[in-house]
S.K.: 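Below you will find the structure I want to go over with you.
All values below were derived from every heavy atom in this structure, side-chain atoms included, with hydrogens, water molecules and symmetry-related copies excluded. Sequential numbering from 1 along the given sequence is applied to the chain's residues. As the structure lists them, so they are numbered: ligands from 1, and atoms in each ligand from 1.
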Amino acid sequence: MSQPTRPTDAPAPGEFGLIARHFKRPGLARPVQVALGIGDDCALLTPTPGHQLAISSDMLVQGRHFFPDVDPASLGHKALAVNLSDLAAMGASPLGFTLALALPEIDDVWLAAFASGLFGLAEAHACPLVGGDTTRGPLNICVTVFGEVRPDRALRRDAARPGHDIYLSGCTGEARLALALMQNTSWATENTTENALKQVRTRLERPSPRLAMGQALAAITQGSSPIAAIDISDGVAGDLGHILAASGTGAELHWAELPVAPALAHLPRAWQEECLLRGGDDYELVFTASPGHRDAIVAAAKACHTSLHRIGQITAGPGLTLLDPSGQRTALVTRGFDHFA
Ligand SMILES: Nc1ncnc2c1ncn2[C@@H]1O[C@H](COP(=O)(O)OP(=O)(O)OP(=O)(O)O)[C@@H](O)[C@H]1O
Ligand SMILES: Cc1ncc(C[n+]2csc(CCOP(=O)(O)O)c2C)c(N)n1
Ligand SMILES: [Mg+2]
């Protein structure tokens, strides 16, 4: 006797059903850039002629990057946001992304929320999901983004020059404060109002990748006067340190020019410094440019509705120095968040 068969229109169970239910979104397909998306052994992407591919991977691990009870929609958003932020820091435009997912079990309610956060941001930046991998295991999310940029327009870390200005998009520190508040750390709870938590938690859980700003900077950079950029995942001191190391320069940061978000206003100075310069999880851009580009950069930030601060200068001598309004100089360690420190 033959086994009863599943009707062909019933949802498939297991791994492939999960992919079909939550991750196939034909509405997002970009036929020009994505020649072949989810369903074959590889996705096939077609970059614009004359452009280079920009590729970056970032993984989010439960307990390392997020708390076990995190809102799944926020987690979906952040998994893509931290990757798009790397494209922004290169001045690249998104083509698509892959999603490698380890899940302890299939929880359709959790997955639907995760997918809503993920695709919400993917749609906002016209960046389709083109493939991935799904396995059973401790919750772990690894996104790889693919973007494109013209070879002479990429915002490379080795492009800082002595005398160039240092800029910061938005402001840093709120994510670090949110983490400290969620961990009930006394320096944070004792110096922050109750209603600050909601604002700073959004900054930690739903960062906004600065793609428009990165692409605007890519339109300004020139071979003879290049722009260097990095996104702040590990803290300003550590990430600016990567620019300095790659460019063989030093830098001076001006404390008075660093923007301080209202939630951080009442922190003691040492904790403000920790949040602003060493916190991480900010996904803002730090970039350097010749003073000759000042007007173009201010106009670009305005056009992108991105707030911008000029926070220091690149120096010929090595090292990172913090300059106080009193004129006092302090050496800063160019080290950021390190998973193995
Ligand atoms: N396992 C690995 N194999 C090969 N290259 C790696 C590996 N891990 C990191 N890299 C490379 O090392 C460089 C620094 O990686 P890192 O993850 O610190 O990137 P980032 O942009 O500085 O930080 P973030 O991951 O927070 O975006 C990148 O060029 C990255 O591609
Ligand atoms: C639960 C929890 N603990 C700690 C942190 C802070 N944190 C983790 S990784 C990282 C740097 C960027 O990661 P990577 O270098 O891997 O891209 C930061 C600032 C968090 N967000 N959640
Ligand atoms: Mg980066």
S.K.: Judging by distance only, is a nitrogen or oxygen of Y283 under 3.5 angstrom from one on ligand 2?
M.R.: no
S.K.: Under the side chain to side chain contact (heavy atoms under 4.5 Å, CB included) test, which residues partner E274, sequence neighbours left out?
M.R.: R176, W271, R278
S.K.: Does any non-hydrogen side-chain atom of N140 lie less than 4.5 Å from one of M59?
M.R.: yes
S.K.: Answer side chain, backbone, both or neither: which part of V82 comes under 4.0 Å from ligand 2, heavy atoms only.
M.R.: neither
S.K.: Does some non-hydrogen atom of A175 fall short of 4.0 Å from ligand 2?
M.R.: no
S.K.: Got an N/O contact under 3.5 Å between D239 and ligand 1?
M.R.: no
S.K.: For V200 versus A263, what's the shortest heavy-atom pair and its separation?
M.R.: CG1-CB, 3.6 Å
S.K.: Is any N or O atom of D281, backbone or side chain, closer than 3.5 Å to an N or O atom of ligand 2?
M.R.: yes
S.K.: Quick one: which residue pairs count as a ring-ring contact (aromatic ring centres under 6.0 Å, His included) with a foot in residues 243-262, not counting sequence neighbours?
M.R.: none
S.K.: Please round to the nearest 0.5 Å and tell me the distance separating atom CG of L277 and atom CG of L322.
M.R.: 6.0 Å
S.K.: Which residues, ordered by chain and number, are linked to M213 in its hydrophobic cluster, where ILVMFWY side chains connect at heavy-atom gaps below 4.5 Å, directly or through other members?
M.R.: L155, Y167, L217, I220, I227, L285, F287, I297, L308
S.K.: Using a strict 4.0 Å cut-off to heavy atoms of D58, name the atoms of ligand 1 that fall inside it.
M.R.: 24 (P), 25 (O), 27 (O)
S.K.: Can you find a non-hydrogen atom of M59 under 4.0 Å from ligand 2?
M.R.: no
S.K.: Would Q183 count as being in polar contact with ligand 2, using the rule that some N or O on each side must be under 3.5 angstrom apart?
M.R.: no
S.K.: With a cut-off of 4.0 Å, which atoms of ligand 1 are near a heavy atom of D86?
M.R.: 21 (O), 27 (O)
S.K.: What heavy-atom pair brings L332 and L253 nearest, and what distance separates the two atoms?
M.R.: CD1-CD1, 4.4 Å
S.K.: For atom 15 (O) of ligand 2, what is the closest protein heavy atom, and at what distance to 0.1 Å?
M.R.: D234 OD1, 3.1 Å
S.K.: Mind counting the protein N, O or S atoms sitting less than 2.8 Å from the Mg ion (ligand 3)?
M.R.: 2
S.K.: Quick one: which of I38, L36, L44 gives a side-chain contact (heavy atoms from CB on, under 4.5 Å) with D40?
M.R.: L36
S.K.: To which protein heavy atom is atom 26 (O) of ligand 1 closest, and what is the distance rounded to 0.1 Å?
M.R.: S233 OG, 2.6 Å
S.K.: Taking heavy atoms and a distance under 4.0 Å, where does R157 meet ligand 1: side chain, backbone, both or neither?
M.R.: side chain
S.K.: Any idea which protein heavy atom is nearest atom 3 (N) of ligand 2, and the distance to it?
M.R.: R64 O, 3.2 Å
